[in-house]
Amino acid sequence: MPELPEVEVLVRHLRPLLQNKTIRNVQVNRARVLTPTSPGQLRKALGGATFSGLSRRGKYLLFKLRNQANLETRLLIGHLGMTGRMYLAPSRHLLPKHAAVVLNLGAQNFIFEDTRYFGRFTLDQTAVTKLGPEPLSTDFSLQLFQRALKRSQQPIKAKLLDQSLVAGIGNIYASEALFRAGIWPRTKANRLRPEQVRRLWRAIREVLASAIKFGSTVPLSYARSGRGDGLFYFGKSDDAPGFYEERLQVYDRARLPCMVCGHKVRRIRQAGRSTFYCPKCQSRQKSGV
DNA sequence: CACCATGTTCCTTG
DNA sequence: CCAAGGAACATGGT
């Protein structure tokens with residue numbers, strides 16, 4: 001469920017709630033999400049530790065923990081996969097069906113729930129070290145982006161999902177950024193003209209920043225599905241018709257009119273995943289192919 | 001039964 | 001060795 005903006009909003013939400021809370025108990029219901037850490041290793045590292053910081057890198061959550069006894073600092077890595085959620089709930093509440101890991105903090109539990117168990121809750125940092133620059137920081141320079149794209153013959157849509165190119169873009173914002181930049185998704189990365197690369201570079205940051213801004217306005221309750229659960233990127237919701245209108249321009253809008261020109265939005269398949277685009281606003285011709 | 005799903009990693013192929 | 005594509009992971013919705 002998460003791409004960079006959703007994770008950023010979640011991190012901002014959780015940071016003050018976890019700060020200085022001490023872990024009394026560690027319950028692992030699905031060892032797979034810890035891989036390659038073992039349940040024993042996790043219990044040993046987290047038991048009795050205190051949350052001292054929370055940040056984000058790409059789609060990963062970085063929990064800083066202080067060990068009370070020896071003042072050592074540990075890093076816990078979280079990733080929501082496709083369907084993960086993290087939230088606090090009263091300890092007396094029943095645990096959800098797919099609670100993968102539960103950290104008891106006293107009166108509250110910190111719950112990592114994940115129906116498909118694609119997420120991660122681990123001490124292993126290797127995935128994070130392989131990430132490319134943060135798109136919203138100055139590390140993500142136009143020059144770096146240009147040089148990386150020059151070396152790839154992949155369709156630009158697929159390339160945007162490469163987390164070593166730039167961290168945090170997923171299937172939704174890849175389509176959105178290309179729409180905003182007016183680029184045909186099948187254009188080979190190394191065939192993009194310089195001005196297209198620059199437009200895409202800008203569009204990536206605009207699309208992500210505006211999603212964070214939007215997400216920050218949504219009243220959150222991560223424990224329940226629906227409007228307030230932080231899954232604000234989906235343009236549908238029963239309990240709030242119109243709430244998400246005009247947030248996403250093309251994603252999940254196959255056969256619906258383009259919000260800019262009215263042409264039918266098209267869905268295609270690239271590297272096994274759906275891409276949405278407007279054939280008129282993002283024509284092959286315009287993309288110079 | 002069919003196909004779809006916000007992600008990453010591993011395996012195969014070229 | 002590298003790059004690119006597809007399958008696998010696991011569960012649920014339509």
Side-chain angles (χ1 to χ4, degrees), chain A residues 1-11 29-37 56-61 77-86 96-101 112-122 124-132 148-177 185-191 207-208 211-212 214-215 218 222 225-227 229-238 244 247-255 267-276:
Chain A
M1 65 97 134
E3 298 184 27
L4 183 152
E6 293 78 24
V7 177
E8 177 63 26
V9 172
L10 175 62
V11 161
N29 297 330
R30 280 281 182 144
R32 128 174 268 276
V33 304
L34 312 187
T35 312
T37 301
R56 179 193 58 72
R57 185 79 173 81
K59 304 171 193 173
Y60 291 83
L61 298 101
I77 307 296
H79 193 290
L80 299 173
M82 297 269 265
T83 53
R85 353 160 48 109
M86 293 185 187
K97 182 176 179 187
H98 299 295
V101 181
F112 172 38
E113 178 188 358
D114 188 357
T115 27
R116 290 171 76 179
Y117 304 107
F118 288 175
R120 280 290 181 275
F121 205 76
T122 182
D124 178 51
Q125 295 177 43
T126 54
V128 176
T129 66
K130 293 177 189 163
L131 294 175
L149 294 184
K150 270 275 172 286
R151 284 187 264 112
S152 173
Q153 304 193 63
Q154 259 187 305
I156 185 60
K157 156 61 172 18
K159 194 64 195 169
L160 288 178
L161 298 180
D162 177 353
Q163 301 298 299
S164 69
L165 171 70
V166 48
I169 301 175
N171 208 37
I172 293 173
Y173 297 108
S175 282
E176 293 295 317
R186 292 202 199 271
T187 312
K188 289 181 190 300
N190 61 0
R191 300 280 298 273
V207 158
L208 297 176
I212 291 171
F214 177 91
V218 179
Y222 284 91
S225 63
R227 159 175 162 178
D229 69 351
L231 312 181
F232 52 81
Y233 37 80
F234 261 127
K236 331 164 173 164
S237 182
D238 298 337
Y244 297 89
R247 199 177 99 61
L248 299 178
Q249 304 276 299
V250 285
Y251 184 81
D252 205 26
R253 288 181 51 82
R255 299 186 307 281
R267 177 171 82 90
I268 59 174
R269 192 160 279 277
Q270 294 184 275
R273 315 202 59 191
S274 288
T275 300
F276 300 87

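Just so it is clear: chains get the letters A, B, ... in the order the sequence lines come, proteins before strands, and each one is counted from 1.
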A:Tyr251 and A:Phe276 aromatic ring geometry - parallel, tilted or perpendicular at 30°/60° bounds:
perpendicular
Between [M] and [N], how far apart are the [atom1] atoms? Round to whole Å, please.
N: B:dA5; M: C:dA4; atom1: P; value: 23 Å
N: B:dT9; M: C:dG12; atom1: C1'; value: 22 Å
N: B:dC3; M: C:dG6; atom1: P; value: 16 Å

Nearest-nucleotide check on DNA chain B, A:Arg267 vs A:Gln163; residue mapping nearer the 5' end is A:Arg267
Looking at B:dA5, does its base get a donor-acceptor pair with the side chain of A:Arg116 below 3.5 Å?
yes
Phosphate oxygens OP1/OP2 of B:dA5: is one of them under 4.0 Å from a side-chain N or O of A:Arg269?
yes
Tell me whether the side-chain N/O atoms of A:Arg32 come closer than 4.0 Å to OP1 or OP2 in C:dA10.
yes
Taking atom types as modelled, find out whether A:Ser164 and A:Lys130 have a side-chain donor-acceptor pair closer than 3.5 angstrom.
no
Is a side-chain donor-acceptor pair under 3.5 Å present for A:Thr126 with A:Asp124?
yes
Measure from NZ or CZ of A:Arg247 to the centre of the six-membered ring of A:Phe214 and say whether it is under 6.0 Å with the direction within 45° of the ring axis.
yes
Does C:dA10 have a Watson-Crick or wobble mate here (both distances under 3.5 Å), and if so which one?
none
Taking any heavy-atom pair under 4.0 Å as a contact, classify A:Ala127: base, sugar-phosphate, or nothing.
sugar-phosphate
